[in-house]
A.B. asks: 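Here it is, the structure, as structure tokens.
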Amino acid sequence: MNRTEIEFERCKECGYCVEFCPKEVLAFGDKVNKRGYYPPAPVKQEACIACGICARVCPEGAIEVYKEV
Amino acid sequence: MKTIYKRPESFTDAVTSYCGGCGHGIVNKLMAELLDEMGLREKTILVWPIGCSVYADKYFKADAICALHGRAPALATGIKRSLPDRFVLVYQGDGDMVSEGMSEIMHAAVRGENFSVVFINNAIYGMTGGQMAPTTLWGQTTSTSPYGREKSSSGYPVNMAEIMAQMPGVCYSERVTVNSPQRIAATKKALKKAFSYQFEEKGLSFVEVLSPCPTGWSQKPVKALEWLEQKMIPIFPLGVFKDMKEGEGK
Ligand SMILES: Cc1ncc(C[n+]2csc(CCOP(=O)(O)OP(=O)(O)O)c2C)c(N)n1
Ligand code: SF4
Ligand code: SF4
Ligand code: SF4
Ligand SMILES: [Mg+2]
């Protein structure tokens with residue numbers, strides 16, 4: 001399966017990754033990080049096409065994407 | 001597993017001091033990607049401004065200096081002239097460049113200084129609490145224009161990319177934005193071109209980025225991207241305003 005990794009402590013909950021993911025892989029979570037933000041997490045990882053859009057729109061450089069080969 | 005996107009090597013581990021959804025973060029990340037891809041990290045001297053990007057020297061594994069408010073192009077002039085083999089990258093906000101430092105950027109352009117300038121236009125003074133900038137739109141409410149900027153008292157928004165294109169010493173001027181994945185990709189292309197022109201010694205290369213400031217605009221980040229599309233782009237049209245061809249320039 002493709003992998004979307006969101007660095008929990010780096011995220012500032014802007015929502016760009018959730019907004020622009022074409023496959024609705026990501027959704028906001030209910031866990032809070034040290035800075036008080038609620039980072040999104042993959043909820044449908046199996047739908048991820050590893051396009052990298054979430055990572056490219058993230059202003060914090062908090063997302064990495066890996067494709068299964 | 002194949003890596004599709006990895007945090008750029010030219011970034012340190014520092015967490016930015018930007019607000020959630022801030023355009024500075026997106027542009028800084030593109031700059032770090034290009035330092036990696038173009039192999040520039042060891043050659044680069046970043047010249048940072050006063051404004052929300054004032055701490056950005058901590059985010060990059062590259063040499064950096066922070067200029068007095070508005071003075072980045074003057075500082076960069078001295079650096080590039082004494083170290084012509086280094087890649088000198090100036091970064092300024094709209095308050096920094098167009099209010100405090102209009103003279104410095106104009107005269108760097110007059111002289112045709114051979115460095116690259118990234119201009120972050122978020123139509124506001126972000127750092128100091130959202131005051132009106134020369135780039136603020138008519139009707140835009142800020143802490144110093146609570147009823148909206150008025151033409152009669154505060155004049156016209158300043159279109160830097162068009163102004164810079166008129167200057168003979170400027171080899172490249174483009175306005176881009178970062179409010180969608182496609183636009184972010186186009187911004188990266190513009191930055192890459194501007195950076196590469198410095199090695200061709202063509203003169204000053206200039207990229208204006210329309211950039212969301214969710215905090216200063218009192219909007220949620222995703223809404224700020226829409227506001228940018230609907231309000232900012234009509235006043236600040238995207239496009240290439242100047243691109244000197246092969247053999248042109250100084
Ligand atoms: C000489 C001087 N005048 C005023 C200030 C206060 N000041 C700090 S940042 C800033 C405006 C920055 O706005 P901008 O360049 O648009 O940057 P942004 O935070 O929006 O990215 C001002 C007026 C200062 N630090 N020094
Ligand atoms: S890589 Fe593409 S499909 Fe996968 S989570 Fe990110 S944006 Fe969605
Ligand atoms: S784009 Fe980045 S900072 Fe914004 S919500 Fe997603 S992971 Fe968090
Ligand atoms: S105030 Fe605006 S420009 Fe400054 S960090 Fe926050 S969102 Fe970015
Ligand atoms: Mg500003």
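Throughout, a chain's letter reflects where its sequence line sits, starting with A, and its residues are numbered from 1.
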A.B. asks: Evaluate the side-chain proximity of E64(A) to R7(B): yes if any heavy-atom separation is below 4.5 Å, no if none is.
C.D. replies: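 R7(B) reaches E64(A) side chain to side chain.
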A.B. asks: To the nearest 0.5 Å, what is the distance between OH on Y5(B) and CD on E5(A)?
C.D. replies: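 One finds 14.0 Å between OH of Y5(B) and CD of E5(A).
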A.B. asks: Without swapping roles, check the side chain of R10(A) against the backbone of A14(B) for a donor-acceptor pair under 3.5 Å.
C.D. replies: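 It does hold such a pair.
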A.B. asks: Can you name the residues of residues 20-56 of chain B that have some heavy atom under 4.5 Å away from a heavy atom in chain A?
C.D. replies: G20(B), G21(B), C22(B), G25(B), I26(B), K29(B)
A.B. asks: With a 4.5 Å cut-off on heavy-atom pairs, point out which of A50(A), G15(A), G52(A) contacts chain B the most.
C.D. replies: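 Going by pairs under 4.5 Å, I would pick A50(A).
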A.B. asks: Below 4.5 Å, heavy-atom pairs only: which of Y16(A), Y37(A), F20(A) has the largest tally toward chain B?
C.D. replies: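 Sorted descending by pairs with chain B, the first entry is Y16(A).
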A.B. asks: Heavy-atom count check: over 12 atoms from other residues, nucleotides or ligands less than 6.0 Å from E46(A) CD?
C.D. replies: yes
A.B. asks: Please check if atom CD1 in I49(A) has more than 12 non-hydrogen atoms from other residues, nucleotides or ligands closer than 6.0 Å.
C.D. replies: yes
A.B. asks: Measure the CD1-CD1 distance between I184(B) and I53(A) for me, rounded to the nearest 0.5 Å.
C.D. replies: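 Going from the CD1 atom of I184(B) to the CD1 atom of I53(A) covers 9.5 Å.
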A.B. asks: Does one side chain, of K12(A) or T16(B), offer a donor that lies under 3.5 Å from an acceptor on the other?
C.D. replies: yes
A.B. asks: Hey, what do you get for SG (C14(A)) to OH (Y18(B)), rounding to the nearest 0.5 Å?
C.D. replies: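 Rounded to the nearest 0.5 Å, the SG-OH separation comes out at 14.5 Å.
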A.B. asks: Can you list the steps and then say if L225(B) with E19(A) is a side-chain contact (heavy atoms from CB on, under 4.5 Å)?
C.D. replies: CA-CA 11 Å; L225(B) 301 184; E19(A) 173 75 13; 5.9 Å; no
A.B. asks: When rounded to the nearest 0.5 angstrom, what distance separates CZ in R56(A) from CD in Q182(B)?
C.D. replies: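 The distance works out to 11.5 Å.
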A.B. asks: Quick one: what part of C51(A) sits under 4.5 Å from any heavy atom of chain B, side chain, backbone, both or neither?
C.D. replies: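 Answer is backbone: N, CA, C or O of C51(A) sit under 4.5 Å from chain B.
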A.B. asks: Does NZ in K61(B) sit with more than 12 non-hydrogen atoms of other residues, nucleotides or ligands closer than 6.0 Å?
C.D. replies: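 Check passes, neighbour count above 12.
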A.B. asks: Would M1(B) and R3(A) satisfy side-chain contact (heavy atoms from CB on, under 4.5 Å), going step by step from the backbone distance to the final call?
C.D. replies: CA-CA 9 Å; M1(B) 295 298 253; R3(A) 229 166 64 216; 3.8 Å; yes
